[in-house]
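In what follows, a single structure is set out as structure tokens and then discussed.
From a predicted model like this one, the values you see are computed outputs, not experimental measurements.
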Amino acid sequence: MQIINLPIEFEYYGQMYSICPSLIVYKDELTLVDTGYPGFLDRIEGEILQKGYHPDQLTQIIITHYDDDHIGSLHDFKEKHPAVRIIASEWESKAIAGEVKSERLRQAEQLLEEMDEQQAESGREFIEELKRLRAASVDFLVKDGDHLMDGHCEVLATPGHTTGHISLYFPELKSVITGDAAVVEEGELAIANPQYCINLVQAEQSLRLLKSLDANTYYIYHSGIYLR
């Protein structure tokens, strides 16, 4: 088993940003963790090819949580690779499938009411971006303590950033895929965008859990690989 970092750099309003989906290689099959923004399918598949694998080897996509930069290209992946199994927590799955309004959209609408006119313009743009996200049905639901990939991967409930956020722990590799349950700030693991956490207390608890694990490698969506 191997975990591969897939760094995707892109320009947004004149500034450079990056995201880092993870690719899990196990028994010649690939599992992608999170799918980037809308329109990122080609970029992610290009990174997979650069790493010496082929997108046709994809058998699973695990979604850590509902946010536009994590599910944005999920519908496109499922459309291109219909046999791929989509995995997420039960809470997140309902928003991913378009069955309920997402927490992030509800939060954005609430924040818009508190913004001045200058801030409101970007707030409205973000709301429209969320509304344009295309739904995709989830094939398999997971919860805290579940195991995937013949037991080599443990699902961890890491709520806070969103209610149903999950992370993935690989004890044999001493590695964790954190999603947005952590970022790196000043060389240390920290809470990602605390001002946008659905529940900051839970986010702090989840970060403590991740730090307590017997792990030395963290694959972090907005920070790349962190070695402890």
Give a yes or no on whether [X] and [Y] share a hydrophobic cluster (residues Ile, Leu, Val, Met, Phe, Trp, Tyr; joining criterion: side-chain heavy atoms under 4.5 Å apart).
X: Met149; Y: Val142; result: yes
X: Leu41; Y: Leu30; result: yes
X: Leu227; Y: Leu168; result: yes
X: Val84; Y: Phe77; result: yes
X: Ile177; Y: Ile87; result: yes

Answer with yes or no whether the side chains of [Y] and [X] bring together a donor and an acceptor at under 3.5 Å.
X: Gln107; Y: Arg104; value: yes
X: Asn199; Y: His161; value: no
X: Arg228; Y: Tyr218; value: yes
X: Ser167; Y: Thr158; value: yes
X: His222; Y: Asp69; value: yes

Test item: [X] side-chain N/O and [Y] main-chain N/O as donor-acceptor pair under 3.5 Å:
X: Asp34; Y: Thr64; value: yes
X: Ser73; Y: Phe40; value: yes
X: Tyr169; Y: Asp214; value: yes
X: Gln60; Y: Ile86; value: no
X: His81; Y: Ala83; value: no
X: Thr35; Y: Leu74; value: yes
X: His147; Y: Val155; value: no
X: Gln57; Y: His54; value: yes
X: Ser175; Y: Leu173; value: yes

Can you check whether Tyr226 and Tyr219 have ring centres sitting under 6.0 Å from each other?
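Distance test on ring centres: not under 6.0 Å, no.
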For this output row, return yes or no: ring centroids of His152 and Phe170 closer than 6.0 angstrom.
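Distance test on ring centres: not under 6.0 Å, no.
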Please report the shortest heavy-atom distance between [X] and [Y], naming the atom on each side.
X: Val176; Y: Ala215; value: CG2-CB, 3.7 Å
X: Ile191; Y: Leu200; value: CD1-CD1, 4.0 Å
X: Pro7; Y: Cys20; value: CA-SG, 4.2 Å
X: Ser206; Y: Pro159; value: OG-O, 2.7 Å

Between Arg132 and Asp68, does any side-chain N to carboxylate O distance fall below 4.0 Å?
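So Arg132 does not pair with Asp68 through a salt bridge.
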